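Chain naming here is simple, since letters A, B, ... match the order of the sequence lines and numbering starts at 1 in each. Only heavy atoms go into these numbers, but all of them, side chains included; no hydrogens, no water, no symmetry mates. Computed from a prediction, not measured in an experiment: that's the story for all the values here.
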Amino acid sequence: SQKIEQNSEALNIQEGKTATLTCNYTNYSPAYLQWYRQDPGRGPVFLLLIRENEKEKRKERLKVTFDTTLKQSLFHITASQPADSATYLCALFSYSGAGSYQLTFGKGTKLSVIP
Amino acid sequence: KAGVTQTPRYLIKTRGQQVTLSCSPISGHRSVSWYQQTPGQGLQFLFEYFSETQRNKGNFPGRFSGRQFSNSRSEMNVSTLELGDSALYLCASSQSLAGALIANTGELFFGEGSRLTVL
């Protein structure tokens, strides 16, 4: 069956360190993958997209890698700050045949950056 | 420009009742998607509308339905509410269908959600 797993429900990290979040998937052939940030009581906010033929994308302190062989995406936040504390969601877009498609979200990892 | 607006923000219903939630997308966006978010299941896709037509549907029972109007505003309806329907319902708008990445990131713009509690 298809599955998306984000490495852990919660991750605590010291301010200034690099946070690394993992998104693993099985039985998908994603065309692209997105990462979103969600704060409590708010809707998710888009951060980055990486396509199946791309290995790495960067945006300011954020970096995303995509390894379709390992079926894994890594999301890095360098020089983490307390303001980075939030839940981070990965989302896979894949075609499911007969012109249909799906955008499937992981359950998220709650990141806490400790001052 | 104004973001995605969802109403109502909070509502309480009892089992067996029905509920209608509303979503106004960002101006110019023609696609509206609906998601259900619960602590146990995370974000789950309900359906997507584009130009007043349902283009994609998730694995939810027929009690969940939606529609889109000519101004791209969308409503979703849940009939015969069950306790398990308690959730945050999120609406997201985008310029094009989810798969169309031409000149854009496929970014979904989410509203703040409607928090439904079923007693």
Side-chain angles (χ1 to χ4, degrees), chain A residues 1-10 23 25 28-54 57-59 62 64 66 86-110, chain B residues 3-7 9-10 21 23-26 29 31-50 53-60 87-115:
Chain A
S1 63
Q2 294 179 318
K3 199 186 301 185
I4 300 174
E5 288 182 330
Q6 295 194 236
N7 56 327
S8 56
E9 287 189 18
C23 178
Y25 60 92
Y28 282 100
S29 295
Y32 62 80
L33 185 148
Q34 297 173 322
W35 283 88
Y36 287 80
R37 168 185 172 140
Q38 186 173 24
D39 291 287
R42 310 293 295 272
V45 174
F46 172 82
L47 296 174
L48 282 167
L49 174 143
I50 187 164
R51 299 170 194 248
E52 60 176 334
N53 58 351
E54 297 175 320
K57 271 282 187 67
R58 291 175 185 262
K59 179 182 175 183
L62 308 180
V64 173
F66 196 9
T87 296
Y88 292 86
L89 306 167
C90 69
L92 271 70
F93 177 90
S94 59
Y95 292 100
S96 48
S100 185
Y101 55 87
Q102 54 184 344
L103 182 65
T104 309
F105 283 81
K107 293 184 181 179
T109 296
K110 184 177 180 180
Chain B
V4 178
T5 304
Q6 290 189 247
T7 57
R9 288 293 313 279
Y10 303 92
L21 309 177
C23 173
S24 293
I26 290 172
H29 285 191
S31 169
V32 173
S33 301
W34 288 90
Y35 290 83
Q36 180 196 68
Q37 187 172 36
T38 58
Q41 299 298 320
L43 262 173
Q44 292 190 287
F45 174 71
L46 282 156
F47 26 67
E48 179 182 12
Y49 287 86
F50 185 86
T53 302
Q54 187 180 90
R55 297 305 182 101
N56 204 4
K57 190 176 187 304
N59 296 322
F60 277 81
L88 180 66
Y89 289 87
L90 290 161
C91 157
S93 77
S94 60
Q95 294 175 321
S96 56
L97 287 168
L101 291 183
I102 301 169
N104 71 58
T105 61
E107 176 179 355
L108 295 181
F109 294 82
F110 284 86
E112 303 285 60
S114 293
R115 171 76 61 185

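Of the atoms belonging to Q38(A), it is side-chain heavy atoms, and not backbone ones, that fall under 4.5 Å from chain B. Neither the backbone nor the side chain of R115(B) comes within less than 4.5 Å of any heavy atom of chain A. When heavy atoms are compared at a cutoff of 4.5 Å, Q44(B) does not approach chain A at all. In this structure, the portion of Y35(B) lying under 4.5 Å from any heavy atom of chain A is its side chain and not its backbone. Neither the backbone nor the side chain of L48(A) comes within contact range of chain B; no heavy atoms are under 4.5 Å apart.
Atom CG of N53(A) sits in a crowded spot, with more than 12 heavy atoms from other residues, nucleotides or ligands closer than 6.0 Å. Within a 6.0 Å sphere centred on CZ of R37(A), heavy atoms belonging to other residues, nucleotides or ligands number more than 12.
Ranking L88(B), N56(B), V4(B), L43(B) against chain A, the residue ahead of the rest is N56(B), based on heavy-atom pairs under 4.5 Å.
The aromatic rings of Y36(A) and F110(B) sit perpendicular to each other, their planes meeting at more than 60°, with 30° as the lower class boundary.
Atom OH of Y32(A) is separated from atom CZ of F66(A) by 11.5 Å, given to the nearest 0.5 angstrom.
With Q6(A) contributing its side chain and G108(A) its backbone, the two residues share a donor-acceptor pair below 3.5 Å.
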